[in-house]
Protein chains: 2
Amino acid sequence: MTITGESGDDERVTVRDVAARAGVSATTVSRVIKGDYPVAQATRTRVLRAMRELDYVLNVHARALSGASTKMVAFVLDDVTGPSFAYVAKGVEQQATAEGRLCMVCTTHGDPARELAVVEAMREQRADAVILVGGGSLDDTYRERMTHFAHALDKAGSRLVLCGRPPLGDNVPTTVVEYDNEGGAYAMTSHLLSQGHRRIVLLGADWQGDTSTTKRDRVYGYVRAHESFGITYAPDLIIPAGFGRADGYEQTRRLIARGAVFTAVFAATDMVAIGVLAALREAGIRVPEDVSLAGYDDIPFAADLEPGLTTVRIPTEELGRTAVRLALNRGEPQHVVLGTHIVVRDSVRPPIRNQVS
Amino acid sequence: MTITGESGDDERVTVRDVAARAGVSATTVSRVIKGDYPVAQATRTRVLRAMRELDYVLNVHARALSGASTKMVAFVLDDVTGPSFAYVAKGVEQQATAEGRLCMVCTTHGDPARELAVVEAMREQRADAVILVGGGSLDDTYRERMTHFAHALDKAGSRLVLCGRPPLGDNVPTTVVEYDNEGGAYAMTSHLLSQGHRRIVLLGADWQGDTSTTKRDRVYGYVRAHESFGITYAPDLIIPAGFGRADGYEQTRRLIARGAVFTAVFAATDMVAIGVLAALREAGIRVPEDVSLAGYDDIPFAADLEPGLTTVRIPTEELGRTAVRLALNRGEPQHVVLGTHIVVRDSVRPPIRNQVS
DNA sequence: CTTACCGTAGTTACCGGTTTCTACATGTGC
DNA sequence: GCACATGTAGAAACCGGTAACTACGGTAAG
């Protein structure tokens with residue numbers, strides 16, 4: 001004696017089932033769903049009722065297969081928990097929803113190889129747009145392959161979007177939504193210099209090898225500001241590091257241990273700044289009395305730190321929203337640079353003369 | 001004279017195209033891709049080469065249509081920028097990747113109607129699992145419709161997962177991964193009571209009407225702790241509010257304005273606690289000297305606040321990972337409750353006697 | 001020498017909506 | 001009364017990958 005499976009195995013309901021119940025053809029059901037073709041009121045009502053009674057659910061894969069758009073955008077970022085990334089994600093999600101799209105997320109943990117793999121997966125998914133969030137790798141092979149993807153997606157009617165990183169090249173069909181990354185670093189460095197700081201640690205950015213575009217451009221701004229002020233910067237104060245809290249903490253401890261002399265720290269991200277702050281405090285160094293501290297990103301918590309963190313504001317949400325909007329509406333310009341600006345709080349103060357940290 | 005479109009319109013490459021180039025049948029190409037059927041080495045090589053030369057990209061929709069799993073899990077949350085949600089999201093993404101799945105995200109902004117709509121959309125997508133993150137609505141119609149979805153997804157071979165909220169009912173086929181929400185609130189309230197606090201504001205939770213399960217259970221814990229201590233709590237100290245920083249800030253200002261008497265504030269979330277802290281500080285009330293403050297969630301920034309925030313730790317990432325793992329491996333138990341525990345930092349201290357705030 | 005079987009590859013139908021293209025009532029104009 | 005537009009509905013093919021079934025050369029077993 002066999003027992004019949006309790007959860008009745010997939011009794012998939014198709015348009016044809018609905019059609020049968022409503023006494024019409026599958027075509028008619030399809031037309032009722034899309035609503036783009038005249039269907040008699042009485043027929044429509046019957047079909048709608050049949051759909052309800054059968055608990056019909058459309059199959060997007062069937063629809064996508066027969067040529068329709070997938071109504072999906074993909075976005076690819078380092079880590080969903082990165083506060084600034086999260087806000088870009090929010091903007092993307094918001095705009096995507098507004099444009100009737102669903103969102104896919106993929107994380108790369110900063111691995112360019114994984115980013116490439118993910119973009120390939122998104123090609124398989126036939127996403128309407130693939131949005132790369134955050135700085136990009138500077139590696140040649142990587143850039144070459146990404147360029148290929150840009151062309152391939154374009155040919156397939158989709159779009160590669162670079163959000164928060166510079167274009168791949170002049171004739172690469174991408175949508176680019178950047179912010180003035182270098183300008184923000186320039187402005188903040190200038191701010192510190194104008195307050196009288198002369199030995200400013202830049203922590204978490206570097207321009208050696210294949211770093212990310214984000215790190216490179218923040219160094220450019222730092223260097224350019226020094227040049228504008230006619231001040232030679234000390235290369236040994238540019239400390240490469242990751243973008244996390246732990247990186248800021250660790251490097252600051254090391255800096256203190258090696259007896260480095262500086263009156264200000266410009267952290268490459270607010271997360272790094274938080275780590276710097278913790279390490280400084282731990283060493284009995286007060287901010288801003290003994291050392292000034294500046295961040296980059298203006299994450300929401302920057303204002304709640306003690307002292308309030310002076311930082312560079314990036315229009316994160318707008319970045320995300322714009323990326324989706326431009327990618328989906330090709331009438332608009334396909335390269336936009338959004339502005340950044342300094343948010344002055346309490347963590348920067350002119351240095352005390354003859355300070356030795 | 002017509003100019004040919006520059007971006008050559010979709011020259012989609014199919015298995016049949018690859019087959020033609022390799023001089024084999026479409027089936028063989030399919031078999032090379034899946035690798036589950038013996039194909040002669042020489043043939044495989046030829047097919048692989050053809051795929052590369054044609055830049056072939058698989059179409060997941062066609063594959064999904066012919067019966068295969070979509071290899072996608074969906075997760076639905078209030079807001080990607082909520083720090084604790086973000087960590088659940090991270091766990092989900094991590095485990096999904098480990099199990100060869102892609103992720104879709106949808107946000108609801110706390111609107112139950114939107115949550116229902118989103119789940120319906122996920123049914124259309126034929127997601128392998130639909131993960132609902134965060135507290136659920138207590139509204140009857142909502143629960144009824146969600147129960148229906150649970151059954152429908154189950155019948156379709158998918159799974160509804162409740163992550164961070166209690167089950168819908170005994171015979172509803174869902175995977176539930178909760179944390180001991182009530183227990184955390186109980187422990188923290190007990191901690192405050194044992195320190196001598198007697199007038200503890202619970203800010204951001206309530207149990208009236210159709211609030212969320214999260215808010216309700218945090219009140220339950222608060223109340224039960226008072227009962228355990230044989231202390232009658234003051235209902236007017238339970239202040240309903242949202243889960244954001246602004247809510248904590250606003251309600252605290254109001255509390256101070258109305259001259260409420262309390263020696264501690266138990267904020268329903270750390271974000272609320274940050275708002276409370278800001279309002280308190282603004283009013284010249286010191287934490288923890290004048291008023292103690294506790295939070296819930298243990299977001300990463302809780303430790304970087306000044307003073308460090310005493311709060312309840314939720315295993316957010318594990319919650320997300322577990323949700324995906326259980327949903328995809330039905331051999332495992334389908335209802336798990338993870339523990340919570342207090343993290344003591346510096347924001348709680350015994351109250352000063354005769355304190356009037 | 002025939003039968004059986006293995007390894008490999010092809011044929012064909014199917015998944016579920018959509019999209020022509022066709023069909024057939026009515027109604028309209030001459 | 002005939003030609004023709006209009007409104008509505010159906011039949012069949014198609015999207016691209018896959019599964020079930022068939023086929024065929026070659027070797028091993030009887």
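Here is how names work: the chains are called A, B, and so on, in the same order as the sequence lines, proteins then strands, and each is numbered from 1.
- Distance from the side chain of B:V24 is smallest for C:dG10 among the nucleotides C:dT18, C:dG10, D:dA9.
- Listed nucleotides: D:dG10, D:dT8, C:dC15. Nearest to the side chain of A:S25: D:dG10.
- Out of C:dA9, D:dA9, D:dG17, the shortest distance to the side chain of A:T43 is found at D:dA9.
- For B:N171, the CG atom counts as loosely surrounded, since its 6.0 Å shell holds 12 or fewer non-hydrogen atoms of other residues, nucleotides or ligands.
- A:R46 places its CZ atom 12 Å from the C1' atom of D:dT8, with the value rounded to the nearest Å.
- Following rounding to the nearest Å, A:E124 (CD) and D:dT18 (P) show an atom-to-atom distance of 10 Å.
- Mapping B:V57 and B:R31 onto DNA chain D by nearest heavy atom places B:V57 closer to the 5' end of the strand.
- Computed from coordinates, the B:H61 NE2 to D:dG16 P distance equals 12 Å when rounded to whole Å.
- Rounded to whole Å, the distance from NZ on B:K71 to P on D:dT18 is 13 Å.
- Under the 4.0 Å criterion applied to side-chain N and carboxylate O atoms, A:D78 and A:R114 are not assigned as salt-bridge partners.
- For A:T28 and D:dG10, the shortest distance from a side-chain N or O to OP1 or OP2 is below 4.0 Å.
- Closest to the side chain of B:L65, from the set D:dA12, D:dA9, C:dG16, is C:dG16.
- Residue B:T14 is classed as a sugar-phosphate contact, given heavy-atom separations below 4.0 Å to backbone atoms only.
- One atom, CD of A:Q41, and another, C1' of D:dG7, lie 14 Å apart when rounded to the nearest Å.
- Looking at heavy-atom distances under 4.0 Å, A:V29 makes no contact with the nucleic acid at all.
- The base of D:dA19 is not paired with the side chain of B:Y37 by any donor and acceptor separated by under 3.5 Å.
- Across the protein-nucleic acid pair, A:D17 atom CG and C:dG16 atom P stand 8 Å apart, rounded to whole Å.
- Taking the side chain of A:Y56 as heavy atoms from C-beta on, and the options C:dG17, C:dC15, D:dG17, the nearest nucleotide is C:dG17.
- In this structure, of C:dG17, D:dG16, D:dT8, it is C:dG17 that holds the atom nearest to the side chain of A:S66.
- When side chains are defined from C-beta on, B:H335 does not count as touching B:T175, because their heavy atoms never get closer than 4.5 Å.
- Nucleotide C:dC15 holds its P atom 12 Å from the CG atom of A:N59, rounded to whole Å.
- At the phosphate of D:dT18, OP1 or OP2 sits under 4.0 Å from a side-chain N or O atom of B:S30.
- For B:D140, the CG atom counts as loosely surrounded, since its 6.0 Å shell holds 12 or fewer non-hydrogen atoms of other residues, nucleotides or ligands.
- Distance B:R126 CZ to C:dG17 C1': 11 Å, rounded to the nearest Å.
- Closest approach of B:D79 to B:T107, counting heavy atoms only: CA-CG2, 4.3 Å.
- In the interface, the side chain of A:T27 is paired with the base of C:dT19 through a donor and an acceptor atom under 3.5 Å apart.
- Remark: the B:R16 side chain and the D:dG17 base include a donor-acceptor N/O pair separated by less than 3.5 Å.
- Looking at heavy atoms from C-beta onward, A:Q334 lies out of side-chain contact with A:V176 at the 4.5 angstrom threshold.
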